[in-house]
A.B. asks: 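Supplied in structure tokens, the structure appears directly below.
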Amino acid sequence: MQTWKWLTQPTKPYTWGFMARVVVKAAVLFALLNVIFALVNPLPTLGHMSAYNTLLTGRERLPYGENPPASYNLSLYNLPAMVESLTVDTAPADDEFRVLLLGDSSVWGILLEPQDTLAGQINRLDLRTADGRRVRAYNLGYPTMSLTKDLMLLDYALEQAHPDLIVWLFTLESFAPDAQLEPSFVQNNAERVQALIRRYDLSSDPGDPRFVEPDFWESTIVGQRRALADLLRLQLYGVMWSLTGIDQEYPDDYTRRSIDLEADETWHDFTDPQTFTADDLAFDVLAAGAQRVGSIPLLFVNEPTFISEGENSDVRYNAFYPRWAYDEYRRVLDEQTDSAAWPPTLDLWDLLPDAECYTDSPVHLTPTCEAQFAAQVGDAILDLSAAGS
């Protein structure tokens, strides 16, 4: 039997020279491993090594959180690891009609427990398609507003999730040209996003300096130690998620969306009211998504937004939008919808006029109002499933 006597009771006493050779060899080996790591970049492959959906319960939404000890969740940039942690990373059941929901924080479900998000509420409806399949919605929303971020998730999910239908939800904020590459999640997946920009000839610049492109030293084990630690932490926090079902903080008190507003007509880089064209907003990204899904049915949804009746509500609908910008956006959206090649679009911007429907943002809903919204989207899903059968 092999023992540790060769180490603890050596035949010759250790010398300083021997110790120095051990240290040098260890240093050379570590340096070699760093070089190989930088050349191979195994992080995407490591992202596929997940205990979720086997030893751990799959998550109901993408990992996101800034206080992991409280939320049992964290934000990271490894797209394979994020999708592997979801319940969607399993084979569809034989009687399942699989629906993917794309969108921003309203879809992800800020301040909502997993069963109260849009996906959770649609699943609670227990919808059945005309051929008897059970509608199962999966939440691929992520708490940043950028259609390019959504396109990146869509492009990856189509390779993994085998959807029967896709619902892409958005609001004007996701169309802002300067917002397309702003999310850190996008900037830290530079290669994926740059490939999409080139493939679909999007208006964003693939050479934008905001892309995070690590040099050789930043690509080594030392340089990527945070990314490696995040992969491990995602698995460790999965234990607490599996035990508690908690994946975000639910504060007892928070700042409510504003009712009284500034008399400010600025929206992003647009300082004065003007007429929008489709080129002023990121409609090219939506068109790329429609092209990417191919024959899979796709539904666009303009999500509900808060309509204030407080101070300066004649100038702004809410903290996000001056009236002129949102009205122009909806006018251009209508023009696109009239195009025969455009996917079906559900404009539900004013579905929920009650101010009490909105929590900390003009687009974040309470569970009760989310249920009303889910009923509308659920009906549209059944209509589209019937049209495609």
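For reference, positions follow the sequence shown, starting with 1. Quantities reported herein were computed from a predicted structural model and do not represent experimental measurements.
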A.B. asks: Is the Phe276-Trp324 ring centre distance short of 6.0 angstrom?
C.D. replies: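 Here the rings of Trp324 and Phe276 have centres that are less than 6.0 Å from each other.
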
A.B. asks: Are the side chain of Thr117 and the backbone N or O of Gly109 linked by a donor-acceptor pair below 3.5 Å?
C.D. replies: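 Absent.
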
A.B. asks: Among side-chain atoms of Thr366 and Glu356, is any donor-acceptor pair under 3.5 angstrom?
C.D. replies: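 No, Glu356 and Thr366 have no side-chain donor paired with an acceptor closer than 3.5 Å.
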
A.B. asks: Would a distance-only check, ignoring hydrogens and angles, find a side-chain to backbone donor-acceptor pair under 3.5 Å from Ser184 to Glu182?
C.D. replies: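 No; judged by distance alone, with no hydrogens or angles, the pair does not exist.
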
A.B. asks: Could you tell me whether Asp155 and Arg199 have a side-chain N and a carboxylate O separated by less than 4.0 Å?
C.D. replies: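 Counted as a salt bridge, because a side-chain N and a carboxylate O are separated by less than 4.0 Å.
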
A.B. asks: For Glu262, is the CD atom crowded, meaning more than 12 foreign heavy atoms sit under 6.0 Å from it?
C.D. replies: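 Open.
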
A.B. asks: To the nearest 0.5 Å, how far apart are CG in Asp360 and OG in Ser258?
C.D. replies: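 The distance works out to 10.5 Å.
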
A.B. asks: Are Tyr317 and Asp327 linked by a side-chain donor-acceptor pair shorter than 3.5 Å?
C.D. replies: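 The answer is yes; a qualifying pair exists.
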
A.B. asks: For the residue pair Phe373 and Leu169, establish whether any side-chain heavy-atom pair is separated by less than 4.5 Å.
C.D. replies: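 Phe373 vs Leu169: side chains touch.
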
A.B. asks: Whether the side chain of Gln274 engages the backbone of Asp272 through a donor-acceptor N/O pair (distance < 3.5 Å, no angle test) should be reported.
C.D. replies: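 Such a contact is found between Gln274 side chain and Asp272 backbone.
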
A.B. asks: Please round to the nearest 0.5 Å and tell me the distance separating atom OH of Tyr72 and atom OG of Ser242.
C.D. replies: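 Answer rounded to 0.5 Å: 12.0 Å.
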
A.B. asks: Under 6.0 Å from the six-membered ring centre of Tyr138 and within 45° of its axis: does the NZ or CZ of Arg98 meet both?
C.D. replies: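 Flagged: Arg98 positioned over aromatic ring of Tyr138.
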
A.B. asks: ring-ring contact (aromatic ring centres under 6.0 Å, His included) with Tyr326: which of Phe306, Trp349, Phe270, Phe320?
C.D. replies: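 The residue from Phe306, Trp349, Phe270, Phe320 that satisfies ring-ring contact (aromatic ring centres under 6.0 Å, His included) with Tyr326 turns out to be Trp349.
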
A.B. asks: Any Lys/Arg nitrogen of Arg124 or Asp116 sitting under 4.0 Å from an Asp/Glu carboxylate oxygen of the other?
C.D. replies: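 Salt bridge: yes.
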
A.B. asks: Return the orientation label for the Phe170 and Phe175 ring planes: parallel under 30°, perpendicular over 60°, tilted otherwise.
C.D. replies: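 Phe170 and Phe175: perpendicular rings.
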
A.B. asks: Using the ring centroid of each side chain, check whether Trp241 and Tyr52 are separated by less than 6.0 Å.
C.D. replies: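 Centroid distance Trp241-Tyr52: not below 6.0 Å, so no.
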
A.B. asks: May I ask you to decide whether Arg134 forms a salt bridge with Asp126, counting only side-chain N to carboxylate O separations under 4.0 Å?
C.D. replies: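 Asp126 and Arg134: not salt-bridged.
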
A.B. asks: Tell me whether the NZ or CZ atom of Arg257 lies within the 45° cone about the ring axis of Tyr358 and under 6.0 Å from its centre.
C.D. replies: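 So Arg257 doesn't make the cation-pi contact.
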
A.B. asks: Does Glu309 CD have over 12 foreign heavy atoms under 6.0 Å away?
C.D. replies: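 At most 12 heavy atoms, drawn from other residues, nucleotides or ligands, come within 6.0 Å of this atom.
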
A.B. asks: In this structure, are over 12 heavy atoms from other groups packed under 6.0 Å from Glu218 atom CD?
C.D. replies: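 It does: Glu218 CD has more than 12 such atoms within range.
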
A.B. asks: For the atom pair CG (Asn78) and OG1 (Thr45), what is the distance rounded to the nearest 0.5 Å?
C.D. replies: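 Asn78 CG to Thr45 OG1: 9.5 Å, rounded to 0.5 Å.
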
A.B. asks: Determine yes or no for a side-chain-to-main-chain donor-acceptor pair under 3.5 angstrom, with Asn318 supplying the side chain and Tyr321 the backbone.
C.D. replies: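 It does hold such a pair.
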
A.B. asks: When you measure from the side chain of Gln180 to the backbone of Ala176, do you find a donor-acceptor pair of N or O atoms at a distance under 3.5 Å?
C.D. replies: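 Checking the backbone N and O of Ala176 against the side chain of Gln180, a donor-acceptor pair under 3.5 Å is found.
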
A.B. asks: When you check the gap from the basic side-chain N to the acidic O, do Arg226 and Asp230 get nearer than 4.0 Å?
C.D. replies: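 Result for this pair is yes, salt bridge flagged.
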
A.B. asks: Salt bridge or not between Arg323 and Glu328? Use side-chain N to carboxylate O under 4.0 Å.
C.D. replies: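 No.
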
A.B. asks: Any Lys/Arg nitrogen of Asp95 or Arg133 sitting under 4.0 Å from an Asp/Glu carboxylate oxygen of the other?
C.D. replies: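 The answer is no: the pair does not qualify as a salt bridge.
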
A.B. asks: Could you check whether the rings of Tyr64 and Trp108 sit parallel, tilted or perpendicular, using 30° and 60° as the cut-offs?
C.D. replies: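 Answer is perpendicular, since the angle exceeds 60°.
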
